[in-house]
Amino acid sequence: MGLFQDNFSMLSELERLAAMVLDPVRVHEIGADQWPLAMIACGLVTGNDPDRVPDTLKAYELFVQKVAPAARASALNQLVRFITQRKGDSWRAFIPFAIAEPEPLISNSAAMQLALLAQPTPQNKLTGVETLVDMLIALPQANPAALSAILGLSDLRALPFLEKLFSLSQERLSALILAQPLPGNHLSYQWMLRLLIAHPQLAPAVEQALVGMASTASSVLDVVLPIPTWAYESPTPQPLHGWTLPEYYARMLPTLQQHCSPDQLARIRAAFSVA
């Protein structure tokens, strides 16, 4: 007997679709046109239970098989509206979109929304960031675009959570930082320097990443984000400080000199437009 089958007719439409997704038999009855709403429903119904995350990740594999990227992106946008209206309730519904989505743009967007909309705890305002980092550590197959999204927050409060990634193997870390372009900001550069200190053998990968990051912005910003954004009437980032690329290179130089070769330093220096 399938999950919830006894009282299937009593459930609301969202609950009915969620039940079908979570039923290993009835999940195959879901049509391609039903899958976007069904995936949203599954996330909303299970999104407050961390123990159900594996179920939603498994369901997302079928979602990807049945639904084109454009429709998956549309479903994510609809989910953002739901979670915002619910003031972060069921925020874990973003996890499969952020971690199991093969399209980097969709994964990045979902990870950013997860970081901004997750309900905080008294001890931690960045529960979404911590959850994403834990997923990147636990799931080798997780889309690395989630890392780019966290760094894109530009909020230094994310740094302690990102340092947990240093427990990964050097091979995995190298793959993470080179898998996609990373944003250049105070948070991302500080994390990269700490990565270099923790794993000096990654200097070639760090150099390649820094050179690419320098091309993403002509200045380096440090900001504080209003997190969760649904708690603010006008959620506008608050800039704390800014540097030109040459100014920021000077800040990084003491650490870079300790761990990079002269050739690596020269390439980073050129990328940061230092005369």
Side-chain angles (χ1 to χ4, degrees), residues 108 111-112 115 123-126 128-130 132-134 136-137 142 144-227 237-275:
N108 185 285
M112 183 73 75
Q123 298 77 27
N124 179 16
K125 280 195 171 184
L126 274 65
V129 170
E130 184 175 29
L132 284 169
V133 169
D134 289 345
L136 285 169
I137 292 172
L147 172 61
S148 179
I150 300 172
L151 293 174
L153 297 174
S154 308
D155 190 321
L156 210 59
R157 291 177 296 172
L159 188 55
F161 302 110
L162 285 163
E163 288 183 326
K164 293 167 65 175
L165 293 172
F166 298 165
S167 64
L168 294 173
S169 69
Q170 293 181 15
E171 292 77 15
R172 179 86 191 285
L173 283 165
S174 180
L176 271 177
I177 66 175
L178 297 179
Q180 71 286 308
L182 298 177
N185 56 60
H186 188 43
L187 168 64
S188 55
Y189 288 132
Q190 287 302 304
W191 182 73
M192 201 65 66
L193 291 177
R194 296 192 186 191
L195 172 61
L196 186 60
I197 294 169
H199 294 283
Q201 299 89 339
L202 288 178
V206 170
E207 174 229 320
Q208 185 176 338
L210 288 175
V211 168
M213 291 157 70
S215 67
T216 64
S218 58
S219 61
V220 180
L221 296 179
D222 180 20
V223 305
V224 172
L225 292 174
I227 296 176
Q238 178 184 350
L240 298 179
H241 201 80
W243 300 265
T244 66
L245 288 179
E247 286 172 342
Y248 206 84
Y249 175 82
R251 291 176 59 90
M252 298 192 298
L253 186 56
T255 300
L256 295 176
Q257 285 177 323
Q258 293 181 45
H259 301 289
C260 295
S261 70
D263 287 344
Q264 290 167 345
L265 265 179
R267 286 188 287 270
I268 297 171
R269 179 186 177 94
F272 279 75
S273 305
V274 180

Colleague: Shortest non-hydrogen contact from A115 to V129?
Modeller: CB-CG2, 3.9 Å

Colleague: R267: which residues meet the salt bridge (charged side-chain N to carboxylate O under 4.0 Å, His left out) condition with it, sequence neighbours left out?
Modeller: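 If we apply the salt bridge (charged side-chain N to carboxylate O under 4.0 Å, His left out) test to R267, skipping adjacent residues, the hits are E207.
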
Colleague: Rounded to the nearest 0.5 Å, what separation is found between the CG atom of N108 and the CE atom of M112?
Modeller: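 Here the interatomic distance stands at 6.0 Å.
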
Colleague: I need the D134 CG to F161 CZ distance, nearest 0.5 Å.
Modeller: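 Those atoms lie 9.5 Å apart.
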
Colleague: For the CE atom of M252 and the CD atom of Q257, what is their distance to the nearest 0.5 Å?
Modeller: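 If I round to the nearest 0.5 Å, the distance is 11.5 Å.
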
Colleague: Do S148 and L182 touch side chain to side chain, with heavy atoms closer than 4.5 Å?
Modeller: yes

Colleague: Determine the minimum heavy-atom distance between A146 and L132, stating which atoms define it.
Modeller: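 A146 and L132 have their closest heavy atoms at CB-CD2, 4.3 Å.
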
Colleague: Kindly give the heavy-atom pair with the smallest separation between L265 and C260, and that separation in Å.
Modeller: CG-CB, 4.3 Å

Colleague: Just to verify, what does Q208 make a side-chain hydrogen bond (donor to acceptor under 3.5 Å, both in side chains) with, not counting sequence neighbours?
Modeller: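 For Q208, no residue satisfies side-chain hydrogen bond (donor to acceptor under 3.5 Å, both in side chains) once neighbours in sequence are set aside.
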
Colleague: If you compare all heavy atoms of I137 against all heavy atoms of L165, which two are closest, and at what distance to 0.1 Å?
Modeller: CG1-CD2, 3.8 Å

Colleague: ring-ring contact (aromatic ring centres under 6.0 Å, His included) with F272: which residues, sequence neighbours excluded?
Modeller: Y189

Colleague: Under 3.5 Å, sequence neighbours excluded: what are the donor-acceptor pairs made by side chains of residues 194-204?
Modeller:
residue: R194; atom: NH1; partner: E163; partner atom: OE2; Å: 2.7
residue: H199; atom: NE2; partner: F166; partner atom: O; Å: 2.9
residue: Q201; atom: OE1; partner: Q170; partner atom: NE2; Å: 3.3

Colleague: Quick check against the 3.5 Å criterion: does S188 have a side-chain atom that pairs as donor or acceptor with the backbone of L151?
Modeller: no

Colleague: Which pair of non-hydrogen atoms, one from P144 and one from A179, has the smallest distance, and what is that distance?
Modeller: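 Shortest heavy-atom separation between P144 and A179 comes out as CG-CB, 3.5 Å.
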
Colleague: Evaluate the side-chain proximity of M213 to M192: yes if any heavy-atom separation is below 4.5 Å, no if none is.
Modeller: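 Result yes, sub-4.5 Å side-chain heavy-atom pair found.
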
Colleague: Contact between H259 and Q264 at the side-chain level, heavy atoms closer than 4.5 Å - yes or no?
Modeller: no

Colleague: Does some side-chain heavy atom of W191 sit less than 4.5 Å from a side-chain heavy atom of I177?
Modeller: yes

Colleague: For S215, check side-chain hydrogen bond (donor to acceptor under 3.5 Å, both in side chains) against everything at least two apart and list the hits.
Modeller: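 Listed in chain order: nothing, the list is empty.
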
Colleague: Tabulate below the donor-acceptor pairs under 3.5 Å that side-chain atoms of residues 152-159 make, not counting sequence neighbours, or state none.
Modeller:
residue: S154; atom: OG; partner: G152; partner atom: O; Å: 3.3
residue: S154; atom: OG; partner: N185; partner atom: ND2; Å: 3.1
residue: D155; atom: OD1; partner: R157; partner atom: N; Å: 3.0
residue: D155; atom: OD1; partner: R157; partner atom: NE; Å: 3.1
residue: D155; atom: OD2; partner: R157; partner atom: NE; Å: 3.2
residue: D155; atom: OD2; partner: R157; partner atom: NH2; Å: 2.7
residue: D155; atom: OD2; partner: L225; partner atom: N; Å: 2.9
residue: R157; atom: NH2; partner: L225; partner atom: O; Å: 2.8

Colleague: Is a side-chain donor or acceptor of S174 paired with a backbone partner of E171 at a separation under 3.5 angstrom?
Modeller: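 Such a contact is absent between S174 side chain and E171 backbone.
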
Colleague: Within this structure, what is the CG-CG distance for the pair L176 and L136, rounded to the nearest 0.5 Å?
Modeller: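 The CG atom of L176 sits 6.0 Å away from the CG atom of L136.
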
Colleague: Nearest 0.5 Å, please: how far is NE2 in H241 from CD in E247?
Modeller: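 Nearest 0.5 Å value for the CD-NE2 distance: 7.0 Å.
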
Colleague: Enter the distance from L210:CG to I268:CD1 here, rounded to the nearest 0.5 Å.
Modeller: 5.0 Å

